[in-house]
Visitor: 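One structure, as structure tokens, below. Some questions next.
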Protein chains: 2
Amino acid sequence: MEKKSQKHGNSVVKMRDVAALADVSIATVSRYLNGNLDRMSTETANRVADAIDKLNYVPNSAARQMVKKSSGLVAVIAGNIDDFFSTEMFKGINAMLESKGYVGVLFDSNSDLDREKRLMQIVSNQIFDGAILQPYNAVSVIQDTIKRPMPIVIADREIEQSPWPQIVTNNYEIARQATQYYKDKGFKRVIMITSSLTMAANRRDRYYGIQSVINNIDVLEVSEKSYNHKKVLQQLVTLINGSQEDTLIFALKERWLTEFIPRLFYKGLIDDKHVAVTGFSDTGTAQYIDPKTKLISQDPYLIGADSGEVMVNLLEGKKQEPEKIIVPAKFG
Amino acid sequence: MEKKSQKHGNSVVKMRDVAALADVSIATVSRYLNGNLDRMSTETANRVADAIDKLNYVPNSAARQMVKKSSGLVAVIAGNIDDFFSTEMFKGINAMLESKGYVGVLFDSNSDLDREKRLMQIVSNQIFDGAILQPYNAVSVIQDTIKRPMPIVIADREIEQSPWPQIVTNNYEIARQATQYYKDKGFKRVIMITSSLTMAANRRDRYYGIQSVINNIDVLEVSEKSYNHKKVLQQLVTLINGSQEDTLIFALKERWLTEFIPRLFYKGLIDDKHVAVTGFSDTGTAQYIDPKTKLISQDPYLIGADSGEVMVNLLEGKKQEPEKIIVPAKFG
DNA sequence: CTGTTAGCGCATTCAC
DNA sequence: GTGAATGCGCTAACAG
């Protein structure tokens, strides 16, 4: 009485078929599959193995997960997967997770509050064992959205009053440090290039870090999604020429370095004496524009690895304070 | 007899709790959850809704999936999530999937054959309804690895004798076309910069495309994972100066454009008359090095969207030939 | 060492 | 309109 019209995606052969062919009980097959070989004669183990092979049996994970209450899958909701930071962080997360038998899967919130919320909903409705977030939304929103109690780790984007562990960069400190370096060289003014996103914690901290050293800051906001390259370039030139002070161009994001600096450099506007450039650069690509440029590099991979480790601790029930781990960035 | 030490990740409240509170049977709750409201008085529907809300009930997706044999999740195994192409393609996939009620999750094979295989295994052992692959492995490997019958779509990386639908770029044609443009302008020689990966289909097709127009090709292989920037730059300079012919530098990947070209450009080595530059560029960032440069741009988003659409067709049982869809790239 | 059995939480006939 | 009962495929005692 086989249903012929089963939806694509089911293997028809199940444990009892394997058991039958191997002439054992399904319990034995289950044991075999779960690695309890010590409670089994090598001989039967082989028979089971053969049967599995012959029938091309693949376990139904939904059934298994229903009783084990675990899928081994950890959801990662990243801010923007076009961003090297996010993807590199994901690689770090996975390296850690996989060493412990878990697997990370990546979702892309696209830096969109609503979308992030939707994804959190989906994740909390699915069979993920935990979630690592690089969140835009606030604590209260996250709490309201993820109803099912599950381990959560916050990565990169610091949030206030987080009930969950956080792994972040020392944004304030490193921005301060870089700015100080240039101040010591005589720079007295900063043009800060940033995305037009609202004052996310990261951006804010960086801003304050700069400001703690040099107060004279012009902010150039560029819309992440759509902007006129030529126009922004022009604005930048105007800003640069708008003051006699030695000026430091400070990009809060690598993208602005690679997109705007080569032209300025080529035009001779950047000479490292009256106009210098620095910024956050994670890929190292910006370095190739001019090898002499000193940049701030974060360590997204390490941030990911740490997040992964914290998640594993949570999953394995080890004590894990809702602490804040700071992964320092480097300037130089 | 509640187990207190349940692993983190279970919501304790289940359908029968909701049913009890709403004073209905679990069947009714189930119907409510599945949208069968027509078979229910508005009054009871409200009671159920209230109960769900009050108890903060969230359905157990593993249980549901076990009986429905569907999770609504589609796995996407991308070649390298550091690559704009992969991530943009994923965005396209998701746009399509989500419009049909599915959700895509991203895995990163890291351009590693074994890792890709492991991921395919994991995916086929989990509850994904289908898989979209940007594969390195050959058909036979994929078939051996993904044992469970499930819808599969191949994106971007063409494979021979594919039993599955493929969505790819016109690599050969567009490379030919771009080369022709420069040949018409008098260029007689090509320096091709490429990753040192084995002759993947994409790379091969692009190479043949160039070759069909200009036969004099120097290939500069750069290891994707680790290479000495300075040294490669030097090699490039040497190659350029190694011939009197007007030379076209052709980068098969945007990365090589953004990493090496700015320096060459700054050094005055690229003048568009004796030495010109072109290549595959998906992000458009390379454009900013020199606005006059003509580049080849693929449409990863569209490739993704098409892949997503094909996948949905497969999932919904619509007839879908194992055809090859070609999404043309643009030069200019 | 191996088999029997009782759920896991939900969707779905089939009755009423 | 609603409920009772059955089974999805598998794991984990509990026996033997």
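Here the structure is a predicted model, which is why all the values come from computation and not from measurement. Reminder, nothing fancy here: chain letters follow the sequence lines and each chain counts from 1.
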Visitor: Tell me whether the count of non-hydrogen atoms from other residues, nucleotides or ligands lying under 6.0 Å of NZ in B:K91 goes above 12.
Guide: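 Buried by this count: over 12 neighbours within 6.0 Å.
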
Visitor: In whole Å, I'd like the distance from the CD atom of A:Q65 to the C1' atom of C:dC10.
Guide: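 It is 15 Å, rounded to the nearest whole Å.
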
Visitor: Between A:T42 and B:S61, just flag the one whose closest nucleotide in DNA chain C comes earlier from the 5' side.
Guide: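 Counting from the 5' end, the first nearest nucleotide belongs to A:T42.
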
Visitor: Any carboxylate oxygen within less than 4.0 angstrom of a Lys/Arg side-chain nitrogen, looking at B:E309 and B:K318?
Guide: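 No, B:E309 and B:K318 are not salt-bridged.
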
Visitor: Of all the choices, C:dC1, D:dA5, D:dC8, which nucleotide is nearest to the side chain of A:S41 once you look at every atom?
Guide: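 The listed nucleotide nearest to A:S41's side chain is C:dC1.
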
Visitor: Distance check: side-chain N/O of B:T44 vs OP1/OP2 of D:dG1, anything under 4.0 Å?
Guide: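 No, no such contact exists.
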
Visitor: Could you tell me if B:S71 and A:Q126 have a donor-acceptor pair between their side chains, going purely by distance under 3.5 Å?
Guide: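 Side chains of A:Q126 and B:S71: no pair found under 3.5 Å.
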
Visitor: With sequence neighbours excluded, what pairs up with B:E158 under the side chain to side chain donor-acceptor pair (under 3.5 Å) test?
Guide: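 By the side chain to side chain donor-acceptor pair (under 3.5 Å) rule, B:E158 matches B:K324.
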
Visitor: Could you tell me whether A:M15 contacts a base, only the sugar-phosphate backbone, or nothing, with contacts defined as non-hydrogen atoms closer than 4.0 Å?
Guide: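 Contact class for A:M15: base.
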
Visitor: Using a strict heavy-atom distance below 4.0 Å, which residues from residues 27-36 of chain A are in contact with DNA chain D?
Guide: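 The stretch gives A:A27, A:S30, A:R31, A:N34 as the residues lying under 4.0 Å from the strand, ordered by number.
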
Visitor: Would you indicate which nucleotide in D:dG3, C:dC10, D:dG9 comes nearest to any side-chain atom of A:M66?
Guide: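 Within the option list, the nearest is D:dG9.
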
Visitor: To the side chain of A:K68, which of C:dA11, D:dT11, D:dG9 is closest?
Guide: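 Nearest to the side-chain atoms of A:K68, counting from C-beta on, is D:dT11.
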
Visitor: When you check the side-chain N and O atoms of B:S61 and A:N125, is any donor under 3.5 Å from an acceptor?
Guide: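 Absent: no donor and acceptor within the cut-off.
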
Visitor: To the nearest Å, how far apart are A:I26 CD1 and C:dG3 P?
Guide: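 Going from A:I26 (CD1) to C:dG3 (P), I get 11 Å.
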
